[in-house]
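Please read the structure below before turning to the comments.
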Amino acid sequence: MRKFLAVKVFFWFWLTILCTLSLLISISFLQPDMLASKDISPPMLKNLFHLQRSLERHVERMPEKSIAQVISNRRHNKRAKVYLKHVESEKSLVSAEELYAYDLALLNFAIDGEPKAINTEKFRAYGPLKTLIRGDEFQLFMIIDNREDDLFLKVRLMPQWLKLSIILFASMLLSYWFARGLLKPIKQLQTAAAKLANGALSTRANVDNKRQDELGQLGKDFDSMASQLESQVLSQKRLLADISHELRSPLTRLQMATGIAASKASGDLDSYLQRIEKESQLLEHMLSDILQLSKLESGINHFEPYPISVIDLLTPVINDADFESQQLEKTISTNELPDAIIEGDEILLSRAIENIIRNALKYAKNQVTLTSHIAEQGLVLTVSDDGPGVSDEMLDKLCIPFYRASQSRTPDNNKAGGFGLGLAIAQHAIKVHHGHIEFNNRQGLCVTLTIPLQQL
């Protein structure tokens, strides 16, 4: 299999280098004549002093000749030319006529300074060196033609800050372009995976179909996996709902037959029939929960939200819970209910809150605490018990249908419920009201519900 990402990384690496060089060269041609100076090397400094002494001796030996004739008739080291810079520009002298074609004014900055090696596009100069000839003071420069390639010389003569700025700009721009193209499908996959994990089974990554690299193939595989997962989960939910629905008819007939038989039975047979009736009621309750959960998960249970008073919603639920707690020889404590309005379905919300309170009463040792208050995000309802709680790794699994935190938490045959459906129903009921539910351990298990307030 071809490594498309490896090829892309290799391609972009060299593209960045080539584009940076091209940009440097292009900008260098837009620059005016420039020069670069550096410290002169000891051998060249020695040659410069030798040239100074040689000129002074030749001028002294040939008093009949002018200074211009002396420096122009030098036979040794013909490659090196002489430029004598005078304070009065008309008195400046050169040893060869071709030097007038050079922009010698570039050397004006070096007057009276330490000798330097000065590089320009056309020539290299070494100097200045103060020289006294026939009573006049000159600045001596040794000029050598620059034989370097003009293309790279222009780049080398650019200021360091400009070269560094171009390199940083070009590399950052191309790197950002490449990183953006590389990270975009990864971000799409990350977002889609998060939504899929939160139950949005219809989510797809939708990575560009034109991508033929590994990330493009990964996006296609992810979408294929999500489609199969959605199909399997929906089929499972549909099967569970269909089975539950089909079981209700024979269960109803069984209850009717049990009732008729109980009216005619006597003695020991009557106790067995009562047991059958109790178990059938338990089974009917479980089927009702399964159907309710299926409707919530599939979105079939549509409702028109309407204003609900928090006091009117919670008062009957708390009264029922208080009555049930007395039967279990436990207590339930509440604070003053807030006077606020929320929007939703009262029956659905009541059942969700009732399921949570009943779950707390079931596992509490002595007491259940219910508190409610209004916060910025809406109505916050907290239900906590003094039971054993659950392990931290099990907290995220409490709303999975038929899931129990431990094997010891089996259904209580003396009561309806206890099949691991109550919290699942509560979670979906809160979710369709645009709220959320959280679980954490304090003294026992603590469940926090948040439901948005009515939008004015």
Audit row: Tyr306, Glu343, side chain to side chain contact (heavy atoms under 4.5 Å, CB included) steps and yes/no: CA-CA 5 Å; Tyr306 57 91; Glu343 286 187 343; over 6 Å; no
Just do the side chain to side chain contact (heavy atoms under 4.5 Å, CB included) check on Leu381 and Leu314 with the steps written out, would you? CA-CA 10 Å; Leu381 183 67; Leu314 295 181; 4.2 Å; yes
Report the C-alpha distance between Leu361 and Leu328 in whole Å, list the side-chain angles of each, state the deciding distance to 0.1 Å, and finish with yes or no for side chain to side chain contact (heavy atoms under 4.5 Å, CB included). CA-CA 8 Å; Leu361 284 171; Leu328 298 173; 4.3 Å; yes
Please evaluate residues Met44 and Met142 with respect to the criterion side chain to side chain contact (heavy atoms under 4.5 Å, CB included), reporting the C-alpha separation (whole Å), side-chain torsions for both, the decisive distance (0.1 Å), and the verdict. CA-CA 10 Å; Met44 291 304 301; Met142 183 169 60; 3.4 Å; yes
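One distance of note links NZ of Lys330 with NZ of Lys362; it measures 10.0 Å at 0.5 Å rounding. In this structure, Gln190 CD and Ile186 CD1 are separated by 9.0 Å, a value rounded to the nearest 0.5 Å. Between the OH atom in Tyr126 and the CG atom in Leu48 there is a gap of 10.5 Å [rounded to 0.5 Å]. Separating the NZ atom in Lys46 from the OG atom in Ser41 is a distance of 12.0 Å, to the nearest 0.5 Å. A distance of 5.5 Å separates CG in Asn366 from CG in Asp386, rounded to the nearest 0.5 Å. One finds the CD atom of Gln443 at 8.5 Å from the CG atom of Asp385 (value rounded to the nearest 0.5 Å).
Without hydrogens or angle criteria, His433 side chain to Thr450 main chain gives no donor-acceptor distance under 3.5 Å. With hydrogens and angles disregarded, no donor-acceptor distance shorter than 3.5 Å links the side chain of Ser231 to the backbone of Ser227.
Crowding of Asn319 atom CG: a count of heavy atoms from other residues, nucleotides or ligands under 6.0 Å exceeding 12. Few gaps surround NZ on Lys220; more than 12 heavy atoms of other groups in view lie less than 6.0 Å from it. Shown here is His436, whose NE2 atom has more than 12 heavy atoms of other residues, nucleotides or ligands within 6.0 Å. The number of heavy-atom neighbours closer than 6.0 Å to CD of Gln327, taken from other residues, nucleotides and ligands shown, is above 12.
Note on residues 191-205: pairs passing salt bridge (Lys or Arg N to Asp or Glu O under 4.0 Å), not counting sequence neighbours, are Arg204-Glu230.
You'll find the side chain of Leu196 reaches within 4.5 Å of the side chain of Phe222, heavy atoms only. Ile342 is listed as a side-chain neighbour of Leu349, based on a closest heavy-atom distance under 4.5 Å. Counting heavy atoms from C-beta on, the side chains of Ser384 and Val368 never come closer than 4.5 Å. Using a 4.5 Å cut-off on side-chain heavy atoms (C-beta onward), Thr371 and Thr334 make no contact. Side-chain contact check for Ile318 versus Leu337: some heavy-atom pair is nearer than 4.5 Å. Put simply, the side chain of Thr331 does not reach to within 4.5 Å of the side chain of Ser325, judged on heavy atoms. Proximity of Thr448 to Cys446: side-chain heavy atoms (C-beta onward) are separated by under 4.5 Å at one or more points. Between Thr382 and Leu370, the closest side-chain pair of non-hydrogen atoms is not below 4.5 Å.
Taking every heavy atom of both residues into account, Ala429 and Ala352 meet most closely at CB-CB, 3.8 Å. Listed here is the closest heavy atom pair of Lys116 and Asp39: NZ-OD1, 2.7 Å. The two residues Ile143 and Ala125 come nearest to each other via the heavy atoms CD1-CB, 3.6 Å. For Leu453 against Gly378, the heavy-atom pair with the smallest separation is CG-CA, 3.7 Å. Of all non-hydrogen atoms in Gly389 and Asn441, the two that sit nearest each other are CA-OD1, 3.7 Å. The nearest pair of heavy atoms linking Ile341 to Val310 is N-CG2, 4.5 Å.
Residues satisfying the side chain to side chain donor-acceptor pair (under 3.5 Å) test with Glu354, not counting sequence neighbours, are Arg358. With sequence neighbours left out, the side chain to side chain donor-acceptor pair (under 3.5 Å) criterion links Asn47 to no other residue.
A ring pair (Phe, Tyr, Trp, His ring centres under 6.0 Å) with Phe123 is found for exactly one of Tyr102, Tyr83, Phe141, namely Tyr102.
Using modelled atom types and a 3.5 Å distance limit, the side chains of Gln367 and Ser333 yield a donor-acceptor pair.
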